[in-house]
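Quick notes on the structure that follows.
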Amino acid sequence: MIPKISTLSGYLHEYQKSLANPVGFWSNIAETFYWRKPWTKTLEWDFKDPKVTWFKDGKLNITENIFERHLFLRGNQTALIWEPNNPDEAHRSYTYRELYEEVNKFAGVLRSLGVQKGDRVAIYLPMIPELAIAMLACARIGAIHSIVFAGFSAKALAERNNDAQAKILITADGGYRGNKIIPLKETSDEALQMSQSIEKVIVVKRTGQDVNMDKKRDVWWHDLMKNAPQKAPAEIMDAEDTLFILYTSGSTGKPKGVLHTTGGYMVYAAYTFKNVFQYRPNDIYFCAADIGWITGHSYIIYGPLLEGATTIMFEGIPTYPQPDRYWQIIEKHQVNQFYTSPTAIRALLAQGETWVDKYEMNSLRVLGTVGEPINEEAWHWYHDHVGKGRCPIVDTWWQTETGGIMISPLAGIIPTKPAYATLPLPGIRPVIVDNDGNKIYGKNVEGNLCIEFPWPGMARSLWGNHERYKQAYFSTFPGLYFTGDGVKRDEDGYYRILGRIDDVINVSGHRLGTAEIENALNEHPLVAESAVVGMPHPIKGQGIYAYVVAPDKPDNLDDELRNSLVKAVAKLISPIAKPDQIQFVSGLPKTRSGKIMRRILRKIVEGSTDFGDTSTLTNPEIVEELTEGYRKLNIDDK
Ligand code: WT7
């Protein structure tokens with residue numbers, strides 16, 4: 001069994017142990033898993049020319065650690081509870097044995113279609129059980145899954161499939177989301193026009209809507225499963241073989257294929273799940289994220305199932321049919337741990353207290369948040385109204401690249417403080433550096449958050465582009481992993497995450513690159529240039545503010561152009577990337593080398609006039625125009 005920390009002194013002891021002897025610390029944890037062949041060396045690493053190897057030469061399959069390792073003890077225990085979008089539809093449950101059988105069958109299907117170890121399989125599915133089955137089936141046969149969030153556009157899907165050179169696409173006819181139906185097959189067809197590598201498309205029937213099926217290319221999931229072999233032996237993987245890639249936004253326009261490997265990711269996802277949430281046997285755990293993001297990978301599927309937990313997968317949204325859907329699910333399934341995002345909490349808070357106060361939710365023991373900084377008001381509301389003052393909140397800081405939670409309270413063990421992620425997990429060594437890369441020690445300090453020592457769950461590369469991996473994470477502060485976040489360490493040594501300090505914005509907990517939104521805006525024939533920044537937003541955390549230079553725009557067409565730009569972004573990226581505000585400007589503040597001075601653009605939308613040194617601008621007069629324009633849109637009009 002994975003070691004479990006149960007007291008504050010236990011945490012301090014484990015943390016010290018992990019500093020003094022990281023190799024011994026992680027070996028002890030890794031030994032609790034099922035390895036086909038033990039590793040020969042626990043850790044080799046280099047953060048200069050970045051290369052990290054955990055559990056060298058170890059052989060395993062992660063699905064044997066989910067299934068074979070648990071079947072004897074808990075074959076009949078519920079592994080997965082699927083709760084549909086519409087509460088009138090029946091929920092579905094899978095025991096460990098049933099899920100194992102489905103995964104085996106689908107693994108056999110993939111093999112029969114010629115999928116081999118190392119091939120990439122793109123998954124573009126709504127939150128239905130087939131998504132869990134498909135990803136685990138990939139892991140079973142050593143195929144690399146690349147899950148694309150079902151809210152992404154055809155272009156975004158095609159771009160990811162092309163970069164990954166995916167061979168198979170798994171999608172559905174459509175997906176339910178609140179009162180909307182998302183035409184996934186139609187969007188997939190459009191994406192397939194833009195990508196060549198996909199040979200076969202497997203289509204799950206969910207909504208039953210009419211879809212186009214290409215006779216040579218497209219096959220129904222249920223047809224394939226009818227004749228599937230019952231058993232698919234697990235592919236034996238090296239600890240450092242790729243388990244999956246997951247695309248995320250960076251500071252340039254092109255999404256990055258974050259690459260996670262088998263052994264280290266497994267150990268880290270399971271260890272952090274058990275300790276942060278203090279999961280106990282027979283607990284019911286509910287993470288409301290989407291599996292299209294890393295939170296769903298690590299804390300709906302891999303972490304919980306590796307620990308033999310019962311995990312809930314929810315198809316819908318918190319406000320459908322009414323804004324008490326989460327509370328309903330918590331009571332219906334007697335949920336013990338609930339994990340969601342600050343955006344969801346703020347949105348539900350805005351609906352008023354009566355929706356949540358009706359529910360007792362006595363089963364709840366732990367609440368979690370992830371994805372963005374949580375403001376104190378939302379923290380207190382979550383604590384008082386959802387947790388009824390009884391449940392500790394774990395504010396978990398981590399990233400797609402970290403694979404699992406890095407800085408967080410352990411529920412009920414580390415005293416919490418609103419808006420603080422508190423302390424690093426054992427094995428994690430955060431450092432704060434100033435802009436010149438000097439480490440800042442002591443308390444009450446602020447700076448750039450870096451990690452100075454490897455951990456098993458860290459991303460090993462970016463798909464097909466190791467140089468970009470080095471550039472993005474290891475070159476800003478040589479010798480350190482740079483997170484892109486600003487952070488404060490207070491008088492108790494607690495960490496508070498201040499948000500991104502690069503050109504990445506965090507909208508409703510979704511990570512977006514400003515450059516990708518700018519690229520989408522710039523495709524419009526009337527747009528010469530644009531610059532996008534995050535602006536404070538009461539619900540979404542950050543909203544999207546776009547400064548757009550459109551010199552040939554007719555004067556009376558501002559609103560029309562705004563509308564078509566918003567539509568274009570939704571179409572080219574996703575509705576989640578739609579600008580909240582567009583300001584037409586005659587130019588952007590630029591330095592002599594032609595670089596946009598984004599600091600100024602950010603200050604304006606924060607309502608600040610403290611622009612710092614603007615002497616290097618070639619067009620300093622533009623600042624006043626932008627500030628005035630912002631005022632007109634935001635202050636004078638309201
Ligand atoms: C960025 C990573 C990790 C799963 C979801 C997001 C921000 C994440 C917190 C938190 C403040 C947070 C950071 C980070 N973030 N968790 N608890 N408090 N900020 O994954 O899309 O890779 O985004 O989300 O800015 O760098 P992601």
Would you name the heavy atoms of [X] and [Y] that are closest together and state the gap between them?
X	Y	value
Ser18	Pro426	OG-C, 3.7 Å
Val258	Ala459	CG1-CB, 3.6 Å
Ala232	Asn104	N-OD1, 2.8 Å
Ala107	Ala137	N-CB, 3.6 Å
Gly292	Asp290	N-OD1, 2.7 Å
Ser408	Leu425	O-CD1, 3.7 Å

Decide if the gap between the ring center of [X] and the ring center of [Y] is smaller than 6.0 angstrom.
X	Y	result
Tyr469	Phe474	yes
Tyr285	Phe273	yes
Tyr339	Phe277	yes
Trp293	Tyr299	no
Tyr473	Phe482	no
His297	His260	no
Tyr268	Trp26	yes

Without hydrogens or angle criteria, can the side chains of [X] and [Y] be said to hold a donor-acceptor pair below 3.5 Å?
X	Y	result
Trp35	Asn65	no
Thr78	Ser93	no
Thr42	Ser27	yes
Thr53	Glu240	no
Glu516	Ser249	yes
Glu235	Asn61	no
Thr95	Gln77	no

Would you give the length of the straight line joining atom [atom1] of [X] to atom [atom2] of [Y], rounded to the nearest 0.5 angstrom?
X	Y	atom1	atom2	result
Asp283	Thr311	CG	OG1	12.0 Å
Leu110	Ile202	CG	CD1	5.5 Å
Phe47	Ile451	CZ	CD1	8.5 Å
Cys138	Ile133	SG	CD1	12.0 Å
Leu184	Leu125	CG	CG	7.5 Å
Leu99	Leu305	CG	CG	6.5 Å

Under 3.5 Å, is there a donor-acceptor pair between the side chain of [X] and the main chain of [Y]?
X	Y	answer
Asp57	Trp39	no
Ser195	Ala191	yes
Lys167	Gly114	yes
Arg160	Val148	no
Thr272	Ala269	yes
Gln337	Cys287	no
Asp163	Lys256	no

| task | Go through the steps for Tyr420 and Tyr495 under the test ring pair (Phe, Tyr, Trp, His ring centres under 6.0 Å), then give the verdict. | result | CA-CA 6 Å; Tyr420 279 79; Tyr495 291 89; 9.4 Å; no

| task | Mind running salt bridge (charged side-chain N to carboxylate O under 4.0 Å, His left out) on Arg177 and Glu315 for me, showing each step along the way? | result | CA-CA 7 Å; Arg177 221 181 130 70; Glu315 183 185 35; over 6 Å; no

| query | For atom NZ of Lys51, is the number of surrounding heavy atoms from other residues, nucleotides or ligands below 6.0 Å larger than 12? | reply |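 Atom NZ in Lys51 is not crowded, with 12 or fewer foreign heavy atoms closer than 6.0 Å.
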
| Arg92 CZ: over 12 foreign heavy atoms closer than 6.0 Å |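 Enclosed.
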
| said: Thr252 vs Arg468, test: side-chain hydrogen bond (donor to acceptor under 3.5 Å, both in side chains). Steps then yes/no. | reply: CA-CA 11 Å; Thr252 67; Arg468 191 172 173 204; 2.8 Å; yes

| query | Trp45 and Phe453: ring pair (Phe, Tyr, Trp, His ring centres under 6.0 Å), yes or no, with the steps? | reply | CA-CA 9 Å; Trp45 70 289; Phe453 194 83; 5.0 Å; yes

For the pair [X] and [Y], find out whether any cationic side-chain nitrogen is under 4.0 Å from an anionic carboxylate oxygen.
X	Y	answer
Asp46	Lys48	no
Lys254	Glu159	no
Lys470	Glu467	no
Asp238	Lys59	yes
Glu44	Lys56	yes

Could you tell me how the ring of [X] sits relative to the ring of [Y]: parallel (under 30°), tilted (30 to 60°) or perpendicular (over 60°)?
X	Y	result
Tyr96	Phe67	perpendicular
Phe106	Trp221	parallel
Phe244	Tyr265	perpendicular

| field | Test applied, salt bridge (charged side-chain N to carboxylate O under 4.0 Å, His left out); reference residue, Glu68; option that passes from Arg140, Arg36, Arg97 | value |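 In the set Arg140, Arg36, Arg97, the residue that makes a salt bridge (charged side-chain N to carboxylate O under 4.0 Å, His left out) with Glu68 is Arg140.
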
| request: List the steps, then state whether side-chain hydrogen bond (donor to acceptor under 3.5 Å, both in side chains) holds for Thr483 with Gln399. | output: CA-CA 8 Å; Thr483 64; Gln399 311 179 293; 4.7 Å; no

| said: Does Thr242 form a side-chain hydrogen bond (donor to acceptor under 3.5 Å, both in side chains) with Thr261? I'd like the steps, not just the answer. | reply: CA-CA 4 Å; Thr242 305; Thr261 58; over 6 Å; no

